[in-house]
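Inspection log for the structure reproduced underneath, given as structure tokens.
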Amino acid sequence: MSDDGGTDVEDVDLYDPYEVGNIGGRAFWADAVADAILASDPDEPIVIKGGVSPSGVPHIGHFNEILRSYFVAEALRDRGHEVRQVFSTDDKDPLRKIPRTLADLDWNVVDFGDESVDSGAVGQNLGKPYTDIPDPFGCCDSYGAHFTELLEQSAELVDVPVEFVSNTDLYADGEFEAITRDLLEHTELARETLSAYQASVGDSYVPFTPQCSECGLLTGQVVDVDVDGSTVEYVCSDMEAGDRTIEGCGHEGTATFREGKLPWRFEWPAQWEILGVDFEPFGKDHAEGSWPSGTDIARNVLGIEPPVPMVYEWFTLNGEALSSSAGNIVTVAEVLDLLEPEVFRYFFTKNPRKQRDFDVTTLDQLVEEFDRFERVFYGAEEPRDEEEAELVERAYPMVTEVADDQPIRIPYTFAAVLGMTDDPELREQMARREGHIPEDATEVEIEAALDRVERARRWAKRTDNEYNYRLAEDLPETDFEAATEAALDELADFVEAGHDGEEIQGEIYEAAKRNDVEVGDFFAAGYELFLDTDQGPRLGPFLAALDEQFVLERLRRED
RNA sequence: GGGCCGAUAGCUCAGUCUGGCAGAGCGACGGCCUCUUAAGCCGUCGGUCAAGGGUUCAAAUCCCUUUCGGCCCGCCA
């Protein structure tokens, strides 16, 4: 049935997040993870969970939660299993600090102080659950709903089907109630278990944080528990949040088990039980902290088996840590302005255990890597070894839909060069001249191939690199020698007589030689006239691709 | 201070699990195409596998120590 062999999972600790996915015998890490999940003997449908707090602008780091899970889900589905990929938006969490940047629903990233942001709505509500804070843009039901909406959009942008689950809803619907009662009945056990991992857990620790009915903050300190009545008595107390203190109002009240939340160390295992989670990937921050305590709590307090775990390394962005507060983020929407979704998805097929830099300046290399990956899949290029052959075979169909014919891909840097003109006809001609579009390509194929031009053009512009060219709209100022001008005139006549790109290329050399102009200088003159710079694409085919009247006028230095 | 993860060519990365000639693409350099000009073809260069030690007939791979980058061990998630 499911097992097509190849991996020896007997010796692997299925609950060591560093070992899962590191199993040998598999070219694609997601298959190794799938092996571990199946070895844990899960019930169908297999539930794969990811999740984050909707605390601010979703960035590429959050895609680990969506795409790592996705590849594992696909590996399992491929072997005939039914899989649900769920994503918990941990929107009951309290807002702990003011974000430096926010984004509206169209992904416009703005500073917190921007006039479009109702900063007061946020600033006055530190310590409240995200779902109890007004949307600073006034468009969604709450702060939490706003950023959850962006998370959902993110998943759609990369075309991954995910079931979103609101933690706030789970509390409101009483899903946590049974576990909360259980924990409050066995507070001593909960306390002892967690204290092995958190030194601060003392005798007064209660694994439930009531939300104050007066001020709405998650600052309730439990002073008494009525298990039969399903309520707690609390005093609204101060809460430490980073380097500041969020002050409680001192109110003394009563809360039900739905009016508050579990501390994260208990909430996470509780989610596993409620949602029946069989697998969950997480960043390395969780691996040393909440994972060990979470497994212990799951087994010894809640009496359940934890899911199979997997650690992924964090990305850096342009060499720096991803940080919403420092403003070093790139949103998915921004990335997809520069890359096709399949290229972005490809990025996540790489080994999750390596620290990786997402470098915008070298995105062309990522695209080139993807193009090769694709060529190998379609048999247009030899795999470097057995391992790569297997990886490509497994991963490519999960990255993008397999077509009957290999898609036409214009090299990314060349696509950026094509961005020098806005004329689609000219783009196509230039691409054809350089052999990037085959003779027999269909309209649909060509259009798809040229899609890359806009993205590559934005990349060249954004990074202002050597591919950031624009066809000079007006005659640039030049200062040519008489001999150069004579050669340009002769070249113009040659073009006017009707010759193809290769012939023009040859004539450039001939015209230069006839007029005693250095060949290099003459090329530079050509680039100056058309691109206002001293180098560029292979000039003959380039001129042949341009509108002839335009070329003639420009070569003759006419306005 | 204790624990954990990572580091391989100028760049992007395979290879480490299971020890067996140090790899790919890009870049650079050289040649070819009547032709130095972002195309194409051919070729070359490029390495203290972070450093040092150990085990072994044999180490990028296993073990120990160290350096650097990051994470956890407070709160929080």
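What you see is a predicted model; the values in this text were computed from it and never measured. Just so we're on the same page: letters track the sequence lines, and every chain starts at 1.
Atom name P, nucleotides B/A22 and B/A59: the rounded distance is 10 Å, in whole Å. B/C33 and B/G27 have their C1' atoms separated by 22 Å, with the value rounded to a whole Å. Straight-line distance between the P atoms of B/U56 and B/C11: roughly 37 Å, to the nearest whole Å. Going from the P atom of B/C57 to that of B/U44 covers 37 Å, rounded to whole Å. Of the P atoms belonging to B/G19 and B/C62, the separation is 9 Å, rounded to the nearest Å. B/G30 and B/C64 have their C1' atoms separated by 46 Å, given to the nearest Å. Atom name C1', nucleotides B/C49 and B/U67: the rounded distance is 16 Å, in whole Å. B/C76 and B/A14 are spaced 37 Å apart, taking the P atom of each and rounding to whole Å.
When each of A/Arg452, A/Arg455, A/Arg345 is tested with A/Glu340 by the rule salt bridge (charged side-chain N to carboxylate O under 4.0 Å, His left out), just one qualifies, namely A/Arg452.
A/Leu14 places its CG atom 15 Å from the C1' atom of B/C17, with the value rounded to the nearest Å. Atom CG in A/Asn351 sits about 11 Å away from atom C1' in B/G15, given to the nearest Å. One can place NE2 of A/His286 at 10 Å from C1' of B/C76, the figure rounded to the nearest angstrom. Regarding A/Arg26, its CZ atom lies at a distance of 19 Å from the C1' atom of B/G15, rounded to whole Å. Atom pair A/Trp29:CH2 and B/G15:P shows a separation of 14 Å (rounding to whole Å applied). Remark: P of B/C75 and CG of A/Leu218 are 17 Å apart, rounded to the nearest angstrom. Taking atom CG of A/Leu539 as the reference point, atom P of B/C33 lies 20 Å away to the nearest angstrom. As a whole-Å value, the separation of A/Phe370 CZ from B/A14 P is 17 Å.
Under the 3.5 Å distance criterion, the side-chain polar atoms of A/Thr295 are matched with a main-chain donor or acceptor of A/Trp291. For A/Ser237 (side chain) and A/Val235 (main-chain N/O), a donor-acceptor pair under 3.5 Å exists by modelled atom type. Put simply, the side chain of A/Thr362 never gets that close to the backbone of A/Gln365: no donor and acceptor are under 3.5 Å apart.
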Contact list (N/O, under 3.5 angstrom) for nucleotides 5-12 of chain B vs protein:
| from | atom 1 | to | atom 2 | distance (Å) |
| --- | --- | --- | --- | --- |
| B/C5 | O3' | A/Arg353 | NH2 | 3.3 |
| B/C5 | O2' | A/Glu313 | OE2 | 2.7 |
| B/A7 | OP1 | A/Lys354 | NZ | 2.4 |
| B/C11 | O2' | A/Gln365 | NE2 | 2.9 |
| B/C11 | O2 | A/Gln365 | OE1 | 3.1 |
| B/U12 | O4' | A/Gln365 | OE1 | 2.6 |
| B/U12 | O2' | A/Glu369 | OE2 | 2.6 |

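Heavy atoms of A/Glu510 sit under 4.0 angstrom from at least one base atom. A/Ala199 comes within contact range of the sugar-phosphate backbone alone, with a heavy-atom separation under 4.0 Å but no base atom that close. Residue-level contact check: A/Tyr197 touches the backbone only, with heavy atoms under 4.0 Å from sugar-phosphate atoms and none from bases. Here A/Ser53 lies in heavy-atom contact (under 4.0 Å) with sugar-phosphate atoms only. Note on A/Lys92: nothing from the nucleic acid sits closer than 4.0 angstrom, heavy atoms only. Using a 4.0 Å heavy-atom cutoff across all strands shown, A/Trp268 reaches no nucleic acid atom at all. Contact annotation for A/Glu388: no contact, since no heavy-atom pair falls under 4.0 Å across all strands.
Comparing A/Glu381 and A/His436 by the nucleotide of RNA chain B that holds the closest heavy atom to each, the one mapping nearer the 5' end is A/Glu381. Two residues, A/Gly506 and A/Ser290, neighbour RNA chain B, and the one matched to the more 5' nucleotide by heavy-atom proximity is A/Gly506.
When the ring pair (Phe, Tyr, Trp, His ring centres under 6.0 Å) test is applied to A/Phe542, no partner is found at least two apart in sequence or on another chain. Listed by chain and residue number, A/Arg432 satisfy the salt bridge (Lys or Arg N to Asp or Glu O under 4.0 Å) test with A/Glu428 (two or more places apart in sequence, or in another chain). Listed by chain and number, the residues in a side-chain contact (heavy atoms from CB on, under 4.5 Å) with A/Thr148 are A/Pro54, A/Thr89, A/Glu152, A/Phe164 (sequence neighbours excluded). Checked against side-chain contact (heavy atoms from CB on, under 4.5 Å), A/Ala456 has the following partners two or more places apart in sequence or in another chain: A/Tyr412, A/Ala415, A/Ala416.
Listed nucleotides B/A14, B/G25, B/C72 differ in distance to A/Asp285; the shortest reach to its side chain belongs to B/C72. In the set B/C35, B/A39, B/A77, B/C35 carries the atom at the smallest distance from any side-chain atom of A/Glu502. Comparing B/C75, B/G25, B/A77 by their nearest atom to the side chain of A/Glu368 picks out B/G25.
Counting all heavy atoms, side chain and backbone alike, A/Val311 lies closest to A/Gly283 at CG1-C, 4.5 Å. Nearest heavy atom pair, residue A/His62 against residue A/Val52, reads CD2-CG1, 3.7 Å.
Taking a pair to require two hydrogen-bonding distances under 3.5 Å in either a Watson-Crick or a G-U wobble arrangement, B/G1 pairs with B/C73. Applying the Watson-Crick and G-U wobble criteria (two distances, each under 3.5 Å), B/A9 pairs with nothing in any strand. Pairing partner, B/U61: none, since no Watson-Crick or wobble contact has both distances short of 3.5 Å. Look at B/G46: it lacks any Watson-Crick or wobble partner with both distances under 3.5 angstrom. With a 3.5 Å ceiling on both atom-pair distances, the Watson-Crick or G-U wobble partner of B/C32 is B/G40.
A centroid separation of less than 6.0 Å is found between the aromatic rings of A/Tyr346 and A/Phe373. Within the 6.0 Å centre-distance limit, the rings of A/Tyr143 and A/Phe147 are counted as a close aromatic pair. In this structure, the ring of A/Trp29 has its center no less than 6.0 angstrom from the ring center of A/Tyr312.
Residues from residues 513-523 of chain A placing a heavy atom under 4.0 Å of any atom in RNA chain B, listed by number, are A/Val519, A/Gly520, A/Phe523.
Listed pair A/Ser200 / B/C75 meets the phosphate criterion, a side-chain N or O lying under 4.0 Å from OP1 or OP2. For A/Arg265 and B/C73, the shortest distance from a side-chain N or O to OP1 or OP2 is below 4.0 Å.
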